[in-house]
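Quick notes on the structure that follows.
Because the structure is predicted, anything quoted here is derived from the model rather than measured.
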Amino acid sequence: MGYMRAYVLHGVNDLHFEEVAKPELQDDRVLLEVKAAGICGSDIPRIYVNGTYHFPTIPGHEFSGKVVQVGKNVDTSWLNKRVGLFPLIPCKECGPCQKKQYEMCKSYSYLGSREDGGYAEYVTVPAENLVELPETVSYEAAAMMEPMAVAVHAMRRMDIRKDEKVVICGLGTIGLLLLMFLQETGVTDILVVGNKDFQKETILKLGIAENCYCDSRTQDVEQWILKKTSGAGTDVFFECVGKNETVIQAINSTIPGGKVMLLGNPHSDMDLEKKVYWKILRNQLTLKGTWNSSFVGEADDDWHYVIEKVAKGKVKPEVLITHKLGFEELERGLKIMRDKTEDYVKVMICN
C-alpha cells in the first residue's frame, strides 16, 4: 500500500502534518498525485471553528494533479493525464441527480469535508469527476477551477445583457473571478464594493476605474450605488459576502424588475425587516441563490466553459494568486487567512 504525507484534521483546531497510509484505490476511481491545492475561505472555519462531518479527515477541495493509477473499471487512457476535478460526488439517485443537476444533489459526498481531500500527496477521486487539462492550463490555474466554476455558474444563471448595470459586492476570490468572467463576456458597466485597500489595488489592475469602486468602510453603499446609477439602482446585483446587511443592500439597490444573485456563504441567520421584504414584492425582484457549479462531463457545463476560457488565455486566474507556498507550508497559508496577517486573494500550495 505504501505511505504518504498529509494534513489530517483530528478535531476542531487539531490539524497534524503526518505520515499516513496511501488511500486504497477503488474500481471506479483513480489515484491522483496532487500537484497544486488552493486554500478556500471555507477551509478556515472547517479547520479551526466548526469542524467537519467526521474525524479524522484530510481537508482540501480545490486541487489538481496527475493520474498515477487507475481502478479496474477506469479507462487506462487516464493514466499520466494532467487533470482538474469536480469535488462534489453526487448520489445519482435523487430528483436533482436524475435531471443531472448534481450541484443540488440531496445526498452528496464531497472531497475535503465528507471524505478525504487534496491536502495530501495522493488522493483517490471518481474518474467521472475528472477534467483533462490542456497543455496551456497550469496546475495552479486548474486548482482554481472550482471557484471559477462557482463564479461562472452564478453569472450564467443571471443571463446578463451587455448593456445592463452590474454590482459585485464582496471582492474575495469568488467576487474577483466573477468580475474577470463578466469582463470576458463584454459586460462593461460594472460597479464593485469592497472593504480592503488591497481589493481596490486588485480591481484597478483588472481594469476597473477607481470611481467604480466603493469602500464600504467609509461610504454608504446604497447611496453610492444610487448616485452612480442616477438614482435608478442596478440591473443586477451579485451578493458575494453572505451577511444580513449586504443582502439588504442588494435588495434596496436593485431596480424594479431587477435581479439579485446570492452566493456568499452565510455568516449568520438572515433577518429581513418588513419594509425590505415589501421591496422584493413591490419591485418584483428576482432573487436567486447558488453555492456550487454544474458538472455533467459535457461541453456546455460550467467546468468546460471555464477550461475553454482559461486554455485560450481569455481569463487568467493566476493573477489572483498572492501566495505560492510549498506543501510543507500549508499551515502558514491557513494562518495567514485565519489571522489576516497579510493581504491575500488566493493562497496556493504546490507540491
Side-chain angles (χ1 to χ4, degrees), residues 40-42 44-45 49-50 104 147 150-161 164-179 181-182 187 189-200 202-203 208 210-292 340 345:
C40 176
S42 66
I44 306 306
V49 182
N50 302 321
M104 292 187 280
V150 170
V152 162
H153 190 66
M155 178 185 76
R156 295 173 84 190
R157 291 191 67 221
M158 295 302 263
D159 194 23
I160 302 167
R161 300 191 313 269
E164 288 185 308
K165 295 180 177 65
V166 176
V167 169
I168 301 172
C169 180
L171 297 176
T173 301
I174 298 293
L176 290 169
L177 288 169
L178 174 60
L179 170 60
F181 278 98
L182 283 168
V187 176
D189 197 348
I190 304 174
L191 301 174
V192 294
V193 181
N195 62 1
K196 296 179 178 65
D197 294 338
F198 184 69
Q199 292 175 349
K200 180 178 179 180
T202 303
I203 62 100
I208 296 295
E210 185 172 358
N211 64 358
C212 292
Y213 173 81
C214 175
D215 189 331
S216 62
R217 296 171 298 181
T218 59
Q219 294 172 284
D220 183 305
V221 174
E222 292 179 29
Q223 291 301 315
W224 182 84
I225 292 173
L226 287 175
K227 184 177 180 181
K228 298 296 292 185
T229 58
S230 302
T234 187
D235 298 289
V236 181
F237 196 115
F238 288 96
E239 196 285 325
C240 306
V241 178
K243 290 186 176 180
N244 201 77
E245 63 191 82
T246 49
V247 171
I248 292 171
Q249 288 167 0
I251 293 167
N252 287 340
S253 302
T254 302
I255 66 168
K259 298 172 285 187
V260 175
M261 172 59 77
L262 306 175
L263 65 158
N265 290 341
H267 289 256
S268 62
D269 292 340
M270 299 295 173
D271 183 19
L272 298 182
E273 296 179 2
K274 184 165 67 172
K275 65 179 181 180
V276 176
Y277 186 80
W278 264 120
K279 189 158 287 188
I280 299 172
L281 304 186
R282 290 177 174 172
N283 284 348
Q284 296 184 191
L285 299 181
T286 297
L287 270 68
K288 294 185 177 183
T290 186
W291 78 288
N292 214 292
K340 299 182 174 17
V345 180

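N244 is linked by a side chain to side chain donor-acceptor pair (under 3.5 Å) to nothing, counting only residues two or more places apart in sequence or in another chain. The salt bridge (Lys or Arg N to Asp or Glu O under 4.0 Å) check on D220 picks up nothing, with sequence neighbours excluded. Listed by chain and number, the residues in a salt bridge (Lys or Arg N to Asp or Glu O under 4.0 Å) with D189 amount to none (sequence neighbours excluded). Every residue two or more places apart in sequence or in another chain was checked for a side chain to side chain donor-acceptor pair (under 3.5 Å) with R282, and none qualifies. Partners of E210 according to the salt bridge (Lys or Arg N to Asp or Glu O under 4.0 Å) rule, which considers only residues two or more places apart in sequence or in another chain, are K200.
Side chain of D215 to main chain of R217: a donor-acceptor pair is present (N/O by atom type, distance under 3.5 Å, no hydrogens or angles). In this structure, T229 contributes its side chain and T234 its backbone to no donor-acceptor pair below 3.5 Å. For K228 (side chain) and N211 (main-chain N/O), a donor-acceptor pair under 3.5 Å exists by modelled atom type.
At least one side-chain heavy atom of M155 sits under 4.5 Å from a side-chain heavy atom of L178. Contact of the K227 side chain with the Q223 side chain is not registered, since no non-hydrogen atoms from C-beta on lie closer than 4.5 Å. Residues K288 and T286 have side chains in contact (heavy-atom distance under 4.5 Å, counting atoms from C-beta outward).
Nearest heavy atoms, L182 versus I168: CD1-CD1, 3.8 Å. Considering every non-hydrogen atom in both D235 and K165, the closest pair reads OD2-N, 2.7 Å. Contact between W224 and V192 at its shortest, heavy atoms only, is CH2-O, 4.1 Å. The two residues C240 and G170 have their closest heavy-atom pair at CB-O, 3.7 Å. What you find for K196 and Y213 is that their closest heavy atoms are O-OH, 3.3 Å.
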Side-chain atoms of residues 252-279: list all donor-acceptor pairs with protein atoms under 3.5 Å, sequence neighbours left out, distances to 0.1 Å.
{"from": "N252", "atom 1": "ND2", "to": "E222", "atom 2": "OE1", "distance (Å)": "3.3"}
{"from": "N252", "atom 1": "ND2", "to": "E222", "atom 2": "OE2", "distance (Å)": "3.2"}
{"from": "S253", "atom 1": "OG", "to": "Q249", "atom 2": "O", "distance (Å)": "2.7"}
{"from": "T254", "atom 1": "OG1", "to": "A250", "atom 2": "O", "distance (Å)": "2.7"}
{"from": "K259", "atom 1": "NZ", "to": "M158", "atom 2": "O", "distance (Å)": "2.7"}
{"from": "H267", "atom 1": "NE2", "to": "V241", "atom 2": "O", "distance (Å)": "3.2"}

(message) Apply side-chain contact (heavy atoms from CB on, under 4.5 Å) to residues I251 and F237 and explain how you reach the verdict.
(response) CA-CA 8 Å; I251 293 167; F237 196 115; over 6 Å; no
